[in-house]
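Let me begin by presenting the structure, written as structure tokens, before commenting on it.
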Amino acid sequence: MTRSTIEEGGGARRRQVDIGNPEIAAYQVDGVWHLDAVTPLAPVPARFTDRLQEGARAHPERTLVAQRGPDGQWIRLSYADALQRARRIGQALLDRGLSVERPLAILSGNDLEHFQLALGAMYAGIPYAPLSPAYSLVATDPSKLADLVAQLTPGALFAADGDAFARAIRAVMPEGAELILSRGEVAGQPATRFAALLETAPADVDARHAGVGPDTIAKFLFTSGSTKKPKAVITTHGMLCHNQQMLLQTFPFFGQEPPVLLDWLPWNHTFGGSHNVGIVLYNGGTLYIDDGRPTARDFGATVRNLREIATTVYFNIPAGWEMLTEALERDAALADVFFSRVKLFFCAGAGLSQSAWERLDAVAVRCCGESIRIMTGLGMTETSPSSTFGTGPIVKAGYVGVPAPGCRVKLVPVGDKLEARFAGPHVMPGYWRAPELTAAAFDADGYYCTGDALRFVDPAQPALGCMFDGRIAEDFKLASGTFVSVGPLRARVISMGAPYVQDAVVTGINRPVIGLLVFPRMDHCLTLSGLPAGTPAAEVLASGPVRAFFQDLLRELNRDCGGSSKRVDRLLLQAEPPSIDQREQTDKGSINQAAVLLRRAALVDAMYDGTDPRTIHAD
């Protein structure tokens, strides 16, 4: 590994983005719509790690991945070095008898050791499972982590820091499994140092790699648990290769200029670990591991990194985009570097509100003289992840577009909505050790049933693609029998409530009117309140300016709302943030509506029966 401080290369301020325009066949059979990508998918490698070998031959000294070291300098791992380390680590894991029945579980987050272990396991044909660090470091109840470990039966556990992960390791360490640590200790638990794996001489690992094929399991990724208990999704080498080829044919510029990413999105989620890491490896690019996060405490690290690293494509979740937009508006030097090479924006995890979208676009136009495409789409863990992209002429929040090459989409009537169902070589074979859940996830034609609702952006032109229409399982009826579509309403609340609304849960099941439990962005609410830093959240939310804003929000939401299915009658601001322990929120920030309603049932009752004076009522 080598050290340096500034990303090599440069480029013109703006370039046109080369985006594929797949041919789409749209037709209806027995009331079911079909949207199929007619554009054929090009051949793919037999195994995902073939791209590592190809990169080591074609550009051995190019940086594959980099992370800041303790001295603030970038520690870089080249393609050639990464391949040699993968061979050594893969051999070490084979020597320990790891296999599909005894995979590698990784408890800690994004770092160079995690990256090398993942490559080594895949090279040797051994599945690995990156688990959310929040289950170890944030959750106080180890039962959720224990359940994931029990589903896997791992032969080895890795954690970067034994001291930080000691409590979780002691609670879930399987009998007979080996503990691997980069540093630190777990009292009473023997451990192997990560560095010792790199001392292993390759023996039969290359022969094992030659035997890896499209159906070989690369990793297990757990669903977020935003609606049900997390399930282990089987992710094969073939799924990863096909999905990256789908991406490349959708965005040909990935293959024209090696992509450069600065990214924090967690590798235990499909977007960070499969989509973004995959874009880099499949296309000979470079990944800089961002040590920042879209939080008030940690976003400064992201800004520092973006002042040095000029990315070609940038990814973030809605909260991160909003924070970055604010930083770009006030920091000309940051904007100059950020816009120097970037060609495309992606929003991950959830849809970007229209107001945040327009604000980001305005910054880009001011700095570049033209818009930068904000890419939308629909994907999930079970589809590794991407299935549709907004590559057509429609550019707005909520548009998820058309199927990527190789993907087939069915839109099946469920009530008064259309459920999206996907088929293609990027779709999982099933959930690990869960045949009943697997059977329930697919329809009779072999399409994966997403539970997501879509609607045509223009019913007269179905080939233009679709808009996201919410999660079917979250929708409900009022006591009057009126149907409430939760997804679009929630999106309106977040968009119209910006920047003071972080998220919202829609209430009203079997009740006369719609209500909201609103999770506010406390930093912005504090500024609005005019109160000093450190003021308790409850006092901030009770302040006159904050309550006045949300009173106005109700008024705006209900202006021309068109009936009881969209009219919000009341809301209650939540001083307590959603709990990961209680499954109210996943570690990437997704809200579990059902869990929030269950845990806060007494608050919902009080909001409706008039006993909570904090309730804000519509005029």
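Owing to the predicted nature of the structure, the values given are computational and were not obtained by experimental measurement.
- Atom CZ of Arg490 is separated from atom CZ of Arg471 by 11.5 Å, given to the nearest 0.5 angstrom.
- The closest donor-acceptor contact from the side chain of Thr216 to the backbone of Gly213 lies under 3.5 Å.
- Between Leu247 and Gln244, some side-chain heavy-atom pair lies under the 4.5 Å cut-off.
- Between Lys144 and Pro230, the shortest heavy-atom distance links the atoms CE-CG, 3.7 Å.
- For the side-chain hydrogen bond (donor to acceptor under 3.5 Å, both in side chains) test, residues two or more places apart in sequence or in another chain that qualify with Asp458 are Gln461.
- With Thr383 contributing its side chain and His426 its backbone, the two residues share no donor-acceptor pair below 3.5 Å.
- Looking at Val484 and Leu478, their side chains come closer than 4.5 Å, going by heavy atoms from C-beta outward.
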Query - Verdict with reasoning, Ser579 to Arg599, per side chain to side chain contact (heavy atoms under 4.5 Å, CB included) - result: CA-CA 10 Å; Ser579 166; Arg599 181 169 180 252; 3.9 Å; yes

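- Ser485 places no side-chain N or O within donor-acceptor distance of the main-chain N or O of Pro488, the cut-off being under 3.5 Å.
- For Asn276 and Trp267, the side-chain atoms include no donor-acceptor pair closer than 3.5 Å.
- At least one donor-acceptor pair closer than 3.5 Å links the side chain of Thr438 to the backbone N or O of Ala434.
- The closest side-chain heavy-atom distance from Pro462 to Ile24 is not below 4.5 Å.
- At least one side-chain heavy atom of Leu281 sits under 4.5 Å from a side-chain heavy atom of Leu119.
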Query - side chain to side chain contact (heavy atoms under 4.5 Å, CB included) between Phe468 and Leu454, worked out - result: CA-CA 5 Å; Phe468 185 71; Leu454 300 182; 4.2 Å; yes

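- In this structure, Ala105 and Leu152 approach most closely via the heavy-atom pair CB-CD1, 4.3 Å.
- Atom CD1 of Ile509 sits about 5.5 Å away from atom CG of Leu597, to the nearest 0.5 Å.
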Query raised in the report: Can Phe222 and Trp432 be said to form a ring pair (Phe, Tyr, Trp, His ring centres under 6.0 Å), step by step?
Result: CA-CA 10 Å; Phe222 280 92; Trp432 181 240; over 10 Å; no

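- The existence of a salt bridge linking Glu54 and Arg57 is excluded, since no basic side-chain nitrogen approaches an acidic carboxylate oxygen closer than 4.0 Å.
- Closest approach of Ala159 and Leu107 over heavy atoms only: CB-CB, 4.5 Å.
- When the ring pair (Phe, Tyr, Trp, His ring centres under 6.0 Å) test is applied to Tyr27, the partners found at least two apart in sequence or on another chain are His34.
- A donor-acceptor pair is defined here as one N or O able to donate and one able to accept, closer than 3.5 Å; no such pair exists between the side chain of Thr381 and the backbone of Thr223.
- Under a 3.5 Å cut-off, the side chain of Glu419 and the backbone N or O of Gly451 do form a donor-acceptor pair.
- To the nearest 0.5 Å, atom OG of residue Ser136 and atom CG of residue Leu148 are 9.5 Å apart.
- One finds the OG1 atom of Thr235 at 9.0 Å from the CD1 atom of Ile217 (value rounded to the nearest 0.5 Å).
- Both tests pass for Lys231 against the ring of Tyr431: distance under 6.0 Å to the centre and angle within 45° of the axis.
- Side chains of Ile19 and Met375 form a contact here, defined as non-hydrogen atoms less than 4.5 Å apart.
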Query raised in the report: So Phe315 and Trp264, ring pair (Phe, Tyr, Trp, His ring centres under 6.0 Å) or not? Walk me through it.
Result: CA-CA 9 Å; Phe315 302 85; Trp264 68 270; over 10 Å; no

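- Residue pairs that meet the salt bridge (charged side-chain N to carboxylate O under 4.0 Å, His left out) test with at least one member in residues 429-440, sequence neighbours left out, are Glu101-Arg433.
- Sorted by first and then second residue, the pairs that involve residues 28-48 and meet salt bridge (charged side-chain N to carboxylate O under 4.0 Å, His left out), not counting sequence neighbours, are Arg47-Asp50.
- Taking the charged nitrogens against the carboxylate oxygens, Lys343 and Glu257 do have a contact shorter than 4.0 Å, which makes a salt bridge.
- Aromatic ring orientation, Tyr448 versus Phe442: perpendicular (interplanar angle above 60°, classes split at 30° and 60°).
- Using a 4.0 Å cut-off between charged nitrogen and carboxylate oxygen, Asp443 and Lys410 count as a salt-bridge pair.
- Here the straight-line distance linking atom OG1 of Thr450 with atom CG of Leu378 works out to 6.5 Å at 0.5 Å rounding.
- Across Val486 and Asp475, no two heavy atoms sit closer than the pair N-OD1, 2.8 Å.
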Requested in this report: I would like to know whether Tyr314 and Val260 meet side chain to side chain contact (heavy atoms under 4.5 Å, CB included); could you show each step before the answer?
Outcome: CA-CA 9 Å; Tyr314 190 70; Val260 175; over 6 Å; no

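- With hydrogens and angles ignored, the 3.5 Å screen pairs no side-chain donor or acceptor of Arg421 with any backbone N or O of Cys449.
- Side-chain contact check for Thr270 and His275: no donor-acceptor pair (N or O, by modelled atom type) lies under 3.5 Å.
- Put simply, the side chain of Lys477 does not reach to within 4.5 Å of the side chain of Thr482, judged on heavy atoms.
- Every residue two or more places apart in sequence or in another chain that forms a side chain to side chain contact (heavy atoms under 4.5 Å, CB included) with Leu98 is listed here: Leu93, Arg96, Arg102, Leu104, Ile126, Ala156.
- Looking at every heavy atom in both residues, Pro174 comes nearest to Leu157 through CD-CD1, 3.8 Å.
- With hydrogens and angles ignored, the 3.5 Å screen pairs a side-chain donor or acceptor of Asn592 with a backbone N or O of Ala594.
- Distance alone, capped at 3.5 Å, places no donor-acceptor pair between the Thr312 side chain and the Pro259 backbone.
- Distance alone, capped at 3.5 Å, is enough to place a donor-acceptor pair between the Trp321 side chain and the Phe346 backbone.
- Aromatic pair His209/Tyr123: centroids less than 6.0 angstrom apart.
- Counting only heavy atoms from C-beta outward, the side chains of Asp452 and Met380 approach each other to under 4.5 Å.
- Remark: Leu221 CG to Ser274 OG distance equals 5.0 Å, nearest 0.5 Å.
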Query raised in the report: Between Met467 and Val400, does a side chain to side chain contact (heavy atoms under 4.5 Å, CB included) hold up when you go through it step by step?
Result: CA-CA 6 Å; Met467 302 289 293; Val400 298; over 6 Å; no

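- Annotation: side chain of Leu517 is in contact with side chain of Thr507 (closest heavy-atom distance under 4.5 Å).
- Residue Leu41 comes nearest to Pro405 through the heavy atom pair CD1-O, 3.5 Å, listed as atom of the first residue, atom of the second, then distance.
- With sequence neighbours left out, the ring pair (Phe, Tyr, Trp, His ring centres under 6.0 Å) criterion links Phe254 to Phe251.
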